[in-house]
Amino acid sequence: MITEVTGQYNAQDLESRIRQLWEEAQTYRKVREMRVGGKKFFFVDGPPYTTGRIHLGTAWNKVIKDSVLRYKSMNCFEVKDRAGWDMHGLPIEVKVEESFGFRNKKDIETYGVDKFIQRCKEFALRQKDDMTAQFKILGAWLDWDDPYMTLKNEYLEAAWWTLKKANEHNLLERGLRVVNWCPRCQTAIADSEVEYWDETDYSIYVKFPVEGEENTYIVIWTTTPWTIPANVAVAVNPTFEYSKVRAWKDGGVDVLIMASDLVEPVLKIGRYKDYELLGTLSAEEMQKLTYTHPLLDLVPGQKGIKHGVHAADFVTAENTGCVHIAPGHGLEDYELGMKKHLEIFCPVGGDGRYTEAAGEKYVGLYVKEADTDVIRDLEEHDRLLAQGRLTHRYGHCWRCKTPIIFIATSQWFLRISDLRDKMLDEVSKITWYPEWAGSARFSDWINNARDWCISRQRYWGIPLPIWTCQKCGHLEVIGTAAELEEKCGCKLSDLHRPDVDAVTWECSCGGKMVRSPDVFDVWFDSAVASWATLHFPSQEKEFQEWWPADFITEGHDQTRGWFYSQLGASMVSFGRAPYKSVLMHGFTLDDQGRKMSKSIGNIVQPEEVVQKFGADILRAYVLGANAPWEDLHFSWEALENTARMLNIFWNAYRFALPYMILDRFDAEKADLSRYEKSLRAEDRWILSRVNSLAEDVTKSMEEYQLHRIIRSISDFILEDLSRWYIQLVRPRTWIEQDDPDKLAAYATIYEVLVKLSRIMAPFTPFLSEAIYQNLVVGLNPNAPPSVHMCEWPKADASRIDKRLEASMSLVREISEASSNARQKSGRKLRWPVSDIVIAPAKDAVDLDNLEFVLKGQTNSKKITVLSPGEKPQMDLEMAPVHKKIGPVHKGEARFVVEALKTANAALVKKQLDESGKAGLSYEGKNYDITAEMVQFKEKPPENLSAAEFSKGFVYVNVTLTPELESEGYSREIIRRIQDMRKELDLRVEDQIRAVVDIESKPILDLALRQKDHIASEVRAAEFELGLGLELKGKLVKDWEIEGVCVRISVDRK
RNA sequence: GGGCCCGUAGCUUAGCCAGGUUGAGCGCACGGCUGAUAACCGUGAGGUCACGCGUUCAAAUCGCGUCGGGCCCA
């Protein structure tokens, strides 16, 4: 049985009710089970990091995922949908460190690595549970009971296995490299973990003394004075010309060498008064120079290093055109160093402090704080040409925000750069939404791909499964726990540090195999998700059946993140991309397009939105606000619009229920096929529209044009269903007997609502379910018990009638135009008009049996459609053309103009048409005019009010007749009695007693003509209409109709 | 310096891939409707579709360039 719903759409109540229903009925599990054996759809959830709180962006992300998966499931796909969690890495270490007040690695070691790891694990698991609850509130149907977690042994093995593969493919390498280094976390960090923002640093110009030339210097510039002790070379651009100048300043004279184009600005900065050019040097000649380190006496490590000049393309025409090279502290420096066989000198330790190699003056100093010491020493050595401050973008550790430094360290690398071309090839095979996400953005990123530093000198992560022999250097990469057991004969219950650190065995050379103490870069964890989630490598079956993934979707930040890391890991192990299609979505920003951040205080929590509006409204909003790949500017106002739209849908649903219940609507009556002959044109129209909607949504969904889906649905609900069909169908629901016309309307509404609930199910799953439960399960206990078990409603082509749809939209336009015309002449819609004339300009207007609809909606007695170009009889207006009248009639011109005002325009036109001239008279005098002296304009006659529509004009005849007036007054009275019924809170079927007293006799007479009609419309069993009547009953009210006082009393019978 | 995206009414946006009258919502003003009604409808004001050049019969849409914003890289 269908139950009546009362009150407004209350999303919170509805959603908690549905959530409970799903839980009790195990709906999610049953939905997934029923699709087993269907075509496979392998989705991999990009694992959110277990921060404990979801934010709007993660909410949007999961809503997209859920909508796609629900859609696929309704399309009978067997969906693989394990949720995933990214649980290792520095962010959690930092959180745990904070909770204990730890400041560095030593504190952790003192506390105990095993306990620290345990805390990290507990922390991650707790956060995961919190976040799961938040995602569930959104209605995200993923497999929350069995998610993949990067901290599980099985998952660790997937990473191990992958590294082993990389090694087999000769893509694993240990080497000295300059890496981004966080001196606080004391670990290498990936390029993608570096955050840039403005920082003010020193900007210094330094003089490097040229060997063998008195008082002569090469001038370099740097923003990192602390790297000067590590300087081993100078780079120059091979195409530049350099100058040697003698320059004077207070207290001395120097010979300086720098790029010719930069001499003047540099000397100005150095406050030199004057200079003379001594000669120029080519880059070739520059390279013959050698120089002495400016702080040679302070830095013992510099002894024995030969300092020369080298050519490098990366040198730009900025500053001095001579670049300070410290291969131990810069990426390009390092590469140049490798190429030119320079010393890789790095007198800085992992803690960011100088080592002994930097000399006793600097040892132990934190490099960022040593800048001033270095500058002072350069100054004392007379090697400082100038110093200043400069604000520029500088990299920071994304976790602890410490400015990073570059140092040369020994790390493990995957040789991704070797795979660049193959990767690009794979990228082109993937389907990207939007297309440019792959062809432009991602390809560009891959073009710049460098080798991937996968080692981190930390604790909470997947341990590197690399063991090396302490004696012979033999290297083994272990792929699984079983393999490790075999090697060492021991069994580990947990593969994390520190237990795994203790595992050793004897090398064939007799030496000891010891694990490399590093852990994986956390990006490597999620990189293996697509096979780890299939329990590979511990099981192979699932992997064979499902891999690679059909679909993934993440934000555009993942271009350099998960899209990339997955591709990299997959290339080294499988030589192909691990996913077939990618939807790249945007970021959630605030309403002004700014990032949501704590410092601005503009963060919106999804929880807050759900509390205020409910999950469905949040879902519909984020899906529909804009194209998925664009950034979403969150707006509460827009959210309210979405809420309004769904509320109207709710009202539309609610509208028919009382009538259906009253008429004992049942499964048999709901069967639309019984009414084929009784369907009205408007019924066929809305059925056509809902099927067109299914077609449109299907098409948009195939292209992941999610915003278009919500837009189509919203248009359908507001325009077609609420504003139009329900208005049309209303009077039919008031018919009292079991009339086929009424039943056909019910069946139509029923069909539309049921279909709509299915179309909306992937996007607003709660609301759809609630409506489905009532309408479908309520009538038919054998129906699928959830809307999410239904099949996706394919468009029924036999119901789609594009001609009818086109005609209806014309009818709507004409109807709007006629409202417009009525408004112009002050004729309310409640008052009928005798006729409406439609005058198309060019194309014929095809009303396709909708004349009846048009009559009803325009409240008119007759509709006339003219042929294209034809018009109703028009009044003709004339206007004088002064420019033409003046020269001919001269002094009497103004009389001609006066004459035109009173002349009959039609007659004048006739004369002009026939003879080319017309005679006018003014105060007894006659004037002749020619056609050019007058301009004619057509004007609708007084009784016709006109308005334009897309195909021409609509003319409404507003002439009143007693019949029309009588109807108008009766409708005024009906409406007021209905209003009073409402006030009395009467039920639709209740009968009343009513008395209407009208103080004006003529109007009373008009109303009396419709007395019976009024009585039946308001269900009045007793009805009096007259003058000076006694008002009796519960409710008495005075009204004013068209300036006349009307007193009405209403009471229940 | 390079790559990508974006720039449409006061605000938020659709349309752009596939060229053919810029469409909506919010807000504002006026009017209407009333058996869904703490709703709803109509009308009005408000647009150099960032700017310039080009292709074309035709450009918000395609191409080139400029400016502004964002993200990423260097």
Side-chain angles (χ1 to χ4, degrees), chain A residues 5 7-9 191-192 194 196 314 316 318 331-332 393 395 433-445 447-450 555-557 559-561 584 586-587 589 591-595 624-627 629-642 644-645 647-659 703 705 707-708 710-712 714-715 718-719 721-724 726-727 729-731 733-734 812 815-824 826-831 857 859 947 950 971 974-979 981-982 986-990 1017-1019:
Chain A
V5 291
Q8 295 290 300
Y9 170 44
D191 289 340
S192 50
V194 178
Y196 291 85
F314 60 77
T316 57
E318 288 168 305
L331 254 42
E332 287 170 328
R393 286 170 71 74
Y433 305 94
E435 190 273 337
W436 51 260
S439 66
R441 211 180 175 115
F442 196 51
S443 296
D444 179 58
W445 171 259
N447 265 320
N448 295 317
R450 287 208 301 262
H556 51 55
D557 53 331
T559 303
R560 65 170 191 173
M584 184 188 82
F587 269 14
L589 308 175
D591 54 0
Q592 291 167 55
R594 298 173 305 182
K595 236 179 180 160
N626 48 11
W629 44 85
E630 263 156 39
D631 291 345
L632 183 132
H633 294 200
F634 181 85
S635 138
W636 287 104
E637 204 179 280
L639 207 53
E640 275 176 46
N641 287 335
T642 310
R644 198 164 302 153
M645 185 267 288
N647 185 42
I648 291 170
F649 175 45
W650 182 259
N651 284 338
Y653 155 65
R654 197 162 70 123
F655 152 74
L657 295 179
Y659 305 108
E703 297 168 348
Q705 302 258 16
H707 60 309
R708 290 194 186 172
I710 299 301
R711 204 182 144 83
S712 308
S714 161
D715 276 357
L718 297 178
E719 296 295 335
L721 186 59
S722 167
R723 289 176 194 164
W724 199 242
I726 288 190
Q727 305 311 326
V729 90
R730 252 177 179 159
T733 61
W734 309 333
R812 291 196 65 172
S815 178
E816 277 163 24
S818 98
S819 298
N820 189 358
R822 274 171 175 275
Q823 193 172 337
K824 282 183 194 163
R827 184 70 72 239
K828 294 193 232 174
L829 185 54
R830 211 179 293 141
W831 290 66
Q857 289 314 105
N859 195 15
S950 71
R971 285 185 68 160
I974 290 167
R975 186 186 85 68
R976 283 164 178 84
I977 297 174
Q978 300 289 28
D979 204 74
R981 283 185 63 116
K982 187 109 205 151
L986 298 182
R987 294 181 60 84
V988 171
E989 66 273 21
D990 287 340
E1017 282 290 303
V1018 301
R1019 299 194 188 216

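Since the structure is predicted, the reported quantities are computational estimates derived from the model, not experimental observations. Side chains included, hydrogens not; waters and symmetry mates left out as well; all remaining heavy atoms used. Chain identifiers are assigned alphabetically (A, B, ...) following the order of the sequence lines, protein sequences preceding nucleic acid strands; residue numbering begins at 1 within each chain.
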### Message
What is the separation between atom CG on A/Leu718 and atom C1' on B/rA14, rounded to the nearest whole Å?
### Response
15 Å

### Message
So for A/Arg730 and B/rA36, does any side-chain atom that can act as donor or acceptor lie under 3.5 Å from a complementary atom in the base?
### Response
yes

#### Entry: Side chain of A/Asn641 (C-beta onward), nearest among B/rC71, B/rC73, B/rG25
B/rG25

### Query
What nucleic acid atoms does A/Glu630 come within less than 4.0 Å of, heavy atoms only: base, sugar-phosphate, or nothing?
sugar-phosphate

## Note on the structure
To the nearest angstrom, the CD-C1' distance between A/Gln857 and B/rG42 comes to 13 Å

### Query
For A/Glu816 and B/rU43, what is the distance between atoms CD and C1' respectively, to the nearest whole Å?
11 Å

### Task
For A/Ile648, report the nucleic acid contact type (base, sugar-phosphate, nothing); a contact means any heavy atom under 4.0 Å.
base

### Query
Of the candidate nucleotides B/rG15, B/rA14, B/rG70, which contains the atom at the shortest distance from the side chain of A/Arg708?
B/rG15

## Note on the structure
Side-chain contact check for A/Arg981: nearest option of B/rA36, B/rU34, B/rG35 is B/rG35

### Message
If you only use heavy atoms from C-beta on, which nucleotide in B/rG42, B/rG35, B/rA14 is closest to the side chain of A/Ser819?
### Response
B/rG42

### Query
Can you tell which of B/rA14, B/rA39, B/rG42 lies closest to the side chain of A/Ala627?
B/rA14

### Message
By the 4.0 Å heavy-atom rule, please label A/Tyr659 as base, sugar-phosphate, or nothing.
### Response
sugar-phosphate

### Task
State the dot-bracket string of RNA chain B. Criteria: Watson-Crick or G-U wobble, both atom distances under 3.5 angstrom; notation: ( ) intrastrand, [ ] crossing earlier pairs, | interstrand, . unpaired.
(((((((..((((......[..)))).(((((.......))))).....(((((..]....)))))))))))).

### Query
Closest to the A/Arg560 side chain: B/rU34, B/rC72, B/rC40?
B/rC72

### Query
Taking CD from A/Glu332 and P from B/rC73, how many angstroms apart are they, rounded to a whole number?
15 Å

### Task
Return the nearest nucleotide to the side chain of A/Asn448; candidates are B/rC73, B/rA14, B/rU37.
B/rC73

#### Entry: All ring-ring contact (aromatic ring centres under 6.0 Å, His included) counterparts of A/Phe442, not counting sequence neighbours
A/Trp432

### Query
Counting side-chain heavy atoms from C-beta on, which of B/rA18, B/rA36, B/rC26 comes nearest to A/Glu637?
B/rC26

### Message
Work out how far the P atom of B/rG7 is from that of B/rC17, and round it to whole angstrom.
### Response
13 Å

### Task
Check the distance between B/rC26's P and A/Asn626's CG and give it to me in whole angstrom.
18 Å

### Query
What distance, rounded to whole Å, do you find between the two C1' atoms, one in B/rG65 and one in B/rC57?
26 Å

### Query
Which of the following nucleotides, B/rC71, B/rG15, B/rU12, is nearest to the side chain of A/His633?
B/rU12

### Message
What's the gap between B/rG10 and B/rC49 when it is taken at their P atoms, as a whole Å value?
### Response
13 Å

### Query
Between B/rG3, B/rA36, B/rU34, which one does the side chain of A/Arg654 approach most closely?
B/rA36

### Task
Would you please say whether a donor-acceptor pair under 3.5 Å links the side chains of A/His556 and A/Asp631?
yes

### Query
Within the structure shown, what part of the strands sits under 4.0 Å from A/Ala638 by heavy-atom distance: base, sugar-phosphate, or nothing?
nothing

### Query
Base, sugar-phosphate, or nothing for A/Ala437, non-hydrogen atoms under 4.0 angstrom?
nothing

### Task
Could you tell me the separation between the CG atom of A/Asn447 and the C1' atom of B/rA74, rounded to a whole number of Å?
14 Å

### Task
Measure the distance from CH2 on A/Trp436 to P on B/rC72 and round it to the nearest whole Å.
14 Å

### Task
In whole angstrom, give the distance that lies between atom CG of A/Asp979 and atom P of B/rG35.
8 Å

### Query
How would you label the contact of A/Arg822 with the nucleic acid (heavy atoms, under 4.0 Å): base, sugar-phosphate, or nothing?
nothing

